[in-house]
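Model, not experiment: these values are computed from the prediction. Lettering follows sequence order; numbering is per chain, from 1.
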2 protein chains.
Amino acid sequence: MTQCQTLIQALRQNGYRITPQREMVIEALAHASHHITAEEVYERVRARSRAVNRATVYRTLDVLIGQGLASRVNLGGAVVVYATRQHGSHIHLVCRQCLQWIEADPELLASLGLQLQNHYRFAVDFQHLCLPGLCQSCQSTQGAEES
Amino acid sequence: MTQCQTLIQALRQNGYRITPQREMVIEALAHASHHITAEEVYERVRARSRAVNRATVYRTLDVLIGQGLASRVNLGGAVVVYATRQHGSHIHLVCRQCLQWIEADPELLASLGLQLQNHYRFAVDFQHLCLPGLCQSCQSTQGAEES
DNA sequence: CTCCTTGCAAAGCCTTTGCACGCTG
DNA sequence: CAGCGTGCAAAGGCTTTGCAAGGAG
C-alpha cells in the first residue's frame with residue numbers, strides 16, 4: 001500500500017499526472033510478489049477496470065522505468081518482466097530449458113560487483129540481475145534427451 | 001575453417017542434412033569475431049549467395065542452438081545476438097543506457113559459479129553471460145540528466 | 001527414392017505510434 | 001483552462017509458420 005503511495009508521490013513530484021490508470025498499473029506492479037510481464041500487469045489492471053488499454057500499460061511502465069522506479073528484464077527467450085525497484089536487489093537463476101527460476105542470495109555477487117567496478121569501471125545493475133543456466137532437474141534431463 | 005567443419009560434422013552426425021545454406025550460415029557465425037545478430041548472419045550469407053532466405057537463417061540458428069552448438073543472448077532491449085559455443089566463455093558487461101558492451105574476464109565468475117552450483121544446484125551458463133549495468137561514461141552522465 | 005530443407009509469403013507476437021478526446025492539476 | 005494522458009486502431013520490427021517444390025543422403 002505504502003509502496004504504491006511512494007511510487008505515486010515520486011511520479012507526481014516529477015511532474016507526471018496521476019490518473020486512475022497509472023495508479024492501477026503501479027498497484028499491480030507493486031503488489032506482484034515477484035516480477036510480472038506487461039501482459040500480466042494488463043490483466044490485473046483489466047480485472048479491476050475495463051477502461052485501461054494495453055498501450056497505457058506499456059506507456060506507464062516506460063515512465064516508471066524512465067524514472068528509475070521500475071526495471072525491465074529479459075528472462076531469456078521472449079520473456080520480459082517488470083518489477084519495482086523496491087523489491088530490492090535480487091538474482092534470478094533462470095533455467096534456459098524449463099524457463100523457471102530460482103532466487104539467489106544477492107550477497108553472492110557483492111565481491112564480483114566490486115571487482116567489475118575496479119577492473120572495468122562498470123557498475124553492474126544488481127537491482128535486478130538474471131543469470132541463465134540450467135537448473136538441477138534440467139541438468140539431469142539434459143543428457144537423457146540427447147537422442 | 002576447422003571450426004566450421006566441426007559444427008557441420010556435429011550436425012551431420014545428429015541426422016541433419018548439410019545444405020549449402022546451412023554451411024553458409026555456420027561459416028558466417030563461426031567467422032564472426034564476436035556475436036552477431038540474425039540479420040548480420042543473413043547479410044553475410046546474402047553477400048555470398050542470394051539463394052538464401054531469412055527464414056532459413058532463423059531455422060538454421062535454431063537447429064544449432066537446439067544442438068547446443070550455438071547460443072542466443074539478449075543484450076537488453078531488442079538486441080539479440082548469436083555465437084558459436086566455440087567462442088569460449090566470456091562475459092558481457094552491457095550498458096543499459098548506451099547499449100555498448102565490454103568483454104570481461106570470465107575468470108572473475110569462476111568462484112561465483114561454484115557457489116551457485118553448491119548452494120542452488122544451478123549451473124550458470126558461463127559460455128555466454130551478459131550482465132546489465134552502467135558503463136563508466138554513462139555513470140557520469142547519469143546524475144547530470146536527472147533534471 | 002525418401003523425406004528433410006528451402007523459399008516464398010503471410011501470419012504472429014509484442015510493442016509502439018498518431019490522433020482527437022478527456023481529465024488532471 | 002492548458003496540456004498531459006488516454007483509447008483506439010493501425011503500423012512496426014523481428015521471428016515463425018504453411019505449403020509445395022527441391023535437394024541431400
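Each of B:Y16 and B:A55 has a nearest nucleotide on DNA chain C; the 5'-most of these lies closest to B:Y16. Comparing B:I18 and B:R59 by the nucleotide of DNA chain D that holds the closest heavy atom to each, the one mapping nearer the 5' end is B:R59.
Per the geometry, OH belonging to A:Y82 stands 5 Å off P belonging to C:dT15, to the nearest Å. Computed from coordinates, the A:N14 CG to D:dC4 P distance equals 15 Å when rounded to whole Å. Atom CG of A:N74 and atom P of C:dT15 are 10 Å apart (whole Å). Going from atom CD of A:E40 over to atom C1' of C:dC14 covers 14 Å, rounded to whole Å. Per the geometry, CD belonging to B:E23 stands 15 Å off P belonging to D:dG23, to the nearest Å. Note: CG (A:L61) to C1' (D:dT6) measures 15 Å, nearest angstrom. Distance OH (B:Y42) to C1' (C:dG7): 10 Å, rounded to an integer number of Å. If you take CZ of B:R46 and P of C:dT6, they are 15 Å apart, rounded to a whole angstrom.
Nearest to the side-chain atoms of A:T19 among the listed nucleotides C:dT24, D:dG7, D:dT17 stands C:dT24. Comparing C:dT6, D:dG25, D:dT6 by their nearest atom to the side chain of B:T56 picks out C:dT6. With C:dT15, C:dT16, C:dT17 as the candidates, the nucleotide lying closest to the side chain of A:D62 is C:dT16. Listed candidates were D:dC14, D:dG18, C:dT24. Nearest to the side chain of B:Y58 is D:dC14.
Between the CD1 atom of A:I8 and the CD1 atom of A:I26 there is a distance of 5.0 Å, given to the nearest 0.5 Å. Expressed to the nearest 0.5 Å, how far CG of A:L112 lies from CD of A:Q117 amounts to 11.5 Å.
At least one side-chain heavy atom of A:L108 sits less than 4.5 Å from a side-chain heavy atom of B:Y120.
Contact annotation for B:R12: backbone-only contact, meaning every heavy-atom pair under 4.0 Å involves sugar-phosphate atoms and none involves a base.
Phosphate contact (OP1/OP2 of C:dC8, side-chain N/O of B:R54, threshold under 4.0 Å): absent. Contact between the side-chain N/O atoms of A:N53 and the OP1/OP2 oxygens of D:dC8 is found at a separation under 4.0 Å. Note on B:R17: every side-chain N or O is 4.0 Å or more away from OP1 and OP2 of D:dG23. Within the 4.0 Å cut-off from OP1 or OP2 of D:dT6, at least one side-chain nitrogen or oxygen of A:R22 is found. For A:Q21, a side-chain nitrogen or oxygen approaches OP1 or OP2 of D:dG7 to under 4.0 Å.
When atom types are taken as modelled, the side chain of B:R46 and the backbone of B:V52 share a donor-acceptor pair closer than 3.5 angstrom. With B:R22 contributing its side chain and B:R17 its backbone, the two residues share a donor-acceptor pair below 3.5 Å.
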